[in-house]
Trainee: 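Got a structure for you, written out below as structure tokens; questions coming shortly.
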Amino acid sequence: MALQALVFDVDGTLADTERDGHRPAFNAAFAAVGLDWHWDVDLYGSLLGVTGGKERIRHFCERHDPAFLDRPDADEAIAALHAAKTRRYVEYVDAGRIGLRPGVARLVAEARAAGTRLAIATTTNPDNVTALLEADLGPQAPGWFEVIGAGDVVPRKKPAPDIYRWVLDRLGLAPEECLAIEDSAVGLHAATAAGLPTVVTRSPYTAHDDATGALAVLADLADTTLADLTDLHSRAAAGQS
Ligand code: XBP
Ligand code: MG
């Protein structure tokens, strides 16, 4: 089946957002309500296996502050922390603190010029995706992505395949007609479990992730053209990769 759509992950793939974007936004939200939690670079790396900010906060509490979860309003407190974190993160993005990874803008432009459809499948909050696309690609950019699957639209986040299935359903495409671009083992698992051939572009936090099952593992997209991706996709479809 010919390649019809590129489906991009966001964090770690479109942009290197975690260490200097999400992490300080979480920490600022914690500090603003007087919590003494601080996620340093290493601790944050160990928390990234749990996708979704609310889920990550809960996971942290289970290990480091279980009493917080005994509060009768624990769910609401986590949701409020996450909302505050999202506001901070969007401020950072709007201020131009988070640029796209090499090759991403060019690849998006190539896909648009070629009529290859574009979509997003991410666990992050939709506000974060819109802010990133607008800040780094321009105010029209969210409209270039026909489907944006983000955050809580599915109950089970990556590594579950649900967000990719949600996106495929709305694109009206078979998984074999798409190519996923992911940076992490968790994302690779989600995409391949939904049947999408997947290219991995490693990011700092995912440099040592297991990439078994990826069509290709790249340092970044700087030297990768749409023609390269189309070639990888067609070789995989022909069972030659
Ligand atoms: C990465 C994630 C997200 C972000 C934080 O998503 O796991 O949870 O770390 O964003 P992906 P939120 O690689 O799928 O783009 O706090 O908005 O969840
Ligand atoms: Mg990612």
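One-based numbering, in listed order, for ligands and for the atoms of each. Because only heavy atoms are used, hydrogens play no part in the values below, and waters and symmetry mates are left out as well, while side chains stay in.
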Trainee: With only distance considered, is E182 within less than 3.5 Å of ligand 1 through an N or O on each side?
Mentor: no
Trainee: Using a 4.0 Å heavy-atom threshold (strictly under), name the region of D9 that reaches ligand 1: side chain, backbone, both or neither.
Mentor: side chain
Trainee: Checking the side chain of R87 only, and the main-chain atoms of H82 only, is there a donor and an acceptor separated by less than 3.5 Å?
Mentor: no
Trainee: Could you tell me whether F26 and ligand 1 have an N or O pair separated by under 3.5 Å?
Mentor: no
Trainee: Side chain, backbone, both or neither: which applies to T13 and ligand 1 if a contact is any heavy-atom pair less than 4.0 Å apart?
Mentor: neither
Trainee: Is the closest heavy-atom distance from F8 to ligand 1 below 4.0 Å?
Mentor: no
Trainee: Side chain, backbone, both or neither: which part of K54 has a heavy atom under 4.0 Å from ligand 1?
Mentor: neither
Trainee: With respect to T123, determine whether any N or O atom, backbone or side chain, lies less than 3.5 Å from an N or O atom of ligand 1.
Mentor: yes
Trainee: Quick one: does ligand 1 sit under 4.0 Å from the side chain of K157, the backbone, both or neither, non-hydrogen atoms only?
Mentor: neither
Trainee: Of all the heavy atoms in H82, does at least one lie under 4.0 Å from an atom in ligand 1?
Mentor: yes
Trainee: Quick check: T86 and ligand 1, any N/O pair under 3.5 Å apart?
Mentor: no
Trainee: So which heavy atom in the protein is nearest atom 8 (O) of ligand 1, and how far is it from that ligand atom?
Mentor: G52 N, 2.9 Å
Trainee: Side chain, backbone, both or neither: which part of Y205 comes within less than 4.0 Å of ligand 1 when only heavy atoms are counted?
Mentor: neither
Trainee: For the Mg ion (ligand 2), check which protein N, O or S atoms are under 2.8 Å away and list them.
Mentor: D9 OD2, D11 O, D183 OD1
Trainee: Classify the contact between R56 and ligand 1 as side chain, backbone, both or neither, using a heavy-atom distance cut-off of under 4.0 Å.
Mentor: side chain
Trainee: Side chain, backbone, both or neither: which part of Y89 has a heavy atom under 4.0 Å from ligand 1?
Mentor: neither
